[in-house]
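Notes for the one structure printed next.
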Amino acid sequence: MTSMNILIRNLATMGLKTISPSVLSSTTYAQNQSLVRHFNIAHINRPKPGGAKNYRYSVHYPEDGEYTIKPLKTTKLGGRDPETGRIVVGTRGGGHKQNYRWVDWFRTGPKDGTYLEERVIDIRYDPIRSARLALVGSGDKLRYLIATENMKKGDLIRTSSAIPRIPVRPKEGDAHPVGALPIGTIVNCVEKFPGDGARLIKAAGTSGLITRKVGKQVILQLASKREVILEPECMATVGRVSNVDHGNEHVGSAQRRRWLGRRPASGLWQRKDGYCGRKIKPTLPPKPFVKRKSETPILRLTIPGEGPTRPVIPSTDRVS
């Protein structure tokens, strides 16, 4: 049995529409390949870049799951999906060996009006992230946080989850709900949903702006000038992310790009002269710009005694 007949039998078992072998034999080789790709379930479910998935490395967390500030070992993925092993991002791979620093993305404090106070012990370099890390401590607990632009060793930062009636006075490094901050505050490390951890504005030199409040919801402008609507309980850190000049740093050589884990773009697929050549797609049908004819409504009447009496409502059905 040929591979094409096996494909047809598999499609029939899955309840999909099958194609007769005579039709397949009369088509060209390129059309056959397009049919195989269309009905290949693994090709349809192939992962794509984004979706909050990391294709650079996998972190070996402690087995007990307890938080630690010790550097954690990593395994490089080289742009591959950790489950299927397929190459998703072709421009990632290689690079210098790096250890992972476990950043605590949850800055939650008391809701009774008090605050959690922590002291900045040190500002450290992170080989994996573009921003600097702040090692903070409170009592006998230490953790890593994303450092802000003007944060320095010895500062005291506060965290509170309370939303007072009057907006608080923002101070750089402090964390408050976005509903407790006044309009015009610059923030970073913002949560998408309350209690979900920081998801937005974590890269070096980026910041967001609280533009306005509509009812109980807060409108936040991201670094890309896009606005998002957040719940007032979402936590955010006041200030701008550290290492502001990261975007102006000059790489200097192609070899250094390989140290950073970035593969060269030469040899990859290109639209014009790639390994598949130029993609030729069928032209789209012409878009009509014709005014529609006026339609005469049809009046549907009911005879009394044969059914419930209904009001006369003009129908939108067209006259045949």
Quiz item: How long is the gap from CE on Met235 to OG on Ser160, to the nearest 0.5 Å?
Solution: 7.0 Å
Practice problem: Could you give me the CA-CA distance, side-chain angles and deciding distance for Tyr100 and Arg129, then say whether side chain to side chain donor-acceptor pair (under 3.5 Å) is met? | Solution: CA-CA 9 Å; Tyr100 181 81; Arg129 295 180 182 85; 3.0 Å; yes
Practice problem: Examine the side chains of Glu149 and Ser242 and answer whether a donor and an acceptor come within less than 3.5 Å of each other. | Solution: no
Practice problem: To the nearest 0.5 Å, tell me how far Leu135 CG sits from Leu142 CG. | Solution: 5.5 Å
Quiz item: Roughly how far, to the nearest 0.5 Å, is CG of Leu260 from CD of Gln255?
Solution: 10.5 Å
Exercise. Assess whether atom CD1 of Ile186 is packed by more than 12 heavy atoms of other residues, nucleotides or ligands within 6.0 Å.
Key: no
Quiz item: Would you say the side-chain atoms of Lys76 pair up with the backbone N or O of Gly94, donor to acceptor, closer than 3.5 Å?
Solution: yes
Quiz item: Counting N and O atoms only, with roles assigned by atom type, does the side chain of Arg124 sit under 3.5 Å from a partner on the main chain of Leu133, one being a donor and the other an acceptor?
Solution: no
Exercise. Would you sort out whether Glu191 and Lys202 count as a salt bridge (charged side-chain N to carboxylate O under 4.0 Å, His left out), showing the intermediate values?
Key: CA-CA 11 Å; Glu191 294 180 341; Lys202 300 186 293 184; over 6 Å; no
Self-check item: Backbone N/O of Val251 and side chain of Arg256: donor-acceptor pair under 3.5 Å
Solution: yes
Quiz prompt | Side chain Arg263, main chain Gly90, donor-acceptor under 3.5 Å | solution = yes
Quiz item: Do Asp245 side-chain atoms and Asn248 backbone N/O form a donor-acceptor pair below 3.5 Å?
Solution: no
Quiz item: Got a sec, which residues hit ring pair (Phe, Tyr, Trp, His ring centres under 6.0 Å) with Trp259, two or more places apart in sequence or on another chain?
Solution: none
Quiz item: Is the side chain of Lys213 donor-acceptor paired with the backbone N or O of Gly179 at a distance under 3.5 Å, no angle test?
Solution: yes
Quiz item: Does some side-chain heavy atom of Leu222 sit less than 4.5 Å from a side-chain heavy atom of Leu200?
Solution: yes
Exercise. Cation-pi check, Arg101 to Tyr144: give yes when NZ or CZ is under 6.0 Å from the six-membered ring centre and within 45° of the ring axis, no otherwise.
Key: no
Quiz item: Just by distance, do the side chain of Thr237 and the backbone of Ala175 share a donor-acceptor pair under 3.5 Å?
Solution: no
Quiz prompt | Point-to-point distance, once rounded to the nearest 0.5 Å, from CG of Leu145 to CG of Asp104 | solution = 6.5 Å
Quiz item: About how many Å separate CG of Asp196 and CH2 of Trp105, when rounded to the nearest 0.5 Å?
Solution: 12.5 Å
Exercise. Applying ring pair (Phe, Tyr, Trp, His ring centres under 6.0 Å), name anything that partners Tyr67, two or more places apart in sequence or on another chain.
Key: Trp102
Quiz prompt | Side-chain donor/acceptor of Asn243 to backbone N/O of Ser130, under 3.5 Å | solution = yes
Self-check item: Under 3.5 Å side-chain donor-acceptor pair for Tyr57 and Arg92
Solution: no
Quiz item: Same cluster or not: are Val136 and Leu116 linked, directly or through other Ile, Leu, Val, Met, Phe, Trp or Tyr residues, by side-chain heavy atoms under 4.5 angstrom apart?
Solution: no
Quiz item: Under the side chain to side chain contact (heavy atoms under 4.5 Å, CB included) criterion, do Arg240 and Thr148 qualify, and how do the steps go?
Solution: CA-CA 5 Å; Arg240 188 180 180 185; Thr148 57; over 6 Å; no
Exercise. Take Ile183 and Thr211 through the test side chain to side chain contact (heavy atoms under 4.5 Å, CB included) and record every step on the way to the result.
Key: CA-CA 6 Å; Ile183 297 176; Thr211 57; 5.7 Å; no
Quiz item: Could you go step by step and tell me if Asp155 and Lys152 meet the salt bridge (charged side-chain N to carboxylate O under 4.0 Å, His left out) rule?
Solution: CA-CA 6 Å; Asp155 291 348; Lys152 59 183 181 299; 3.5 Å; yes
Practice problem: Find the distance between CD (Gln98) and CD1 (Ile128) and round it off to the nearest 0.5 Å. | Solution: 5.5 Å
Exercise. Decide, yes or no, whether a salt bridge links Lys111 with Glu233 under the criterion of side-chain N to carboxylate O below 4.0 Å.
Key: no
Quiz item: Any side-chain donor-acceptor pair under 3.5 Å between Thr74 and His60?
Solution: no
Exercise. Report the residue from Lys171, Glu117, Arg107, Glu172 that forms a side-chain contact (heavy atoms from CB on, under 4.5 Å) with Ile157.
Key: Arg107
Self-check item: Ionic contact status for Glu118 with Arg143, cut-off 4.0 Å
Solution: yes
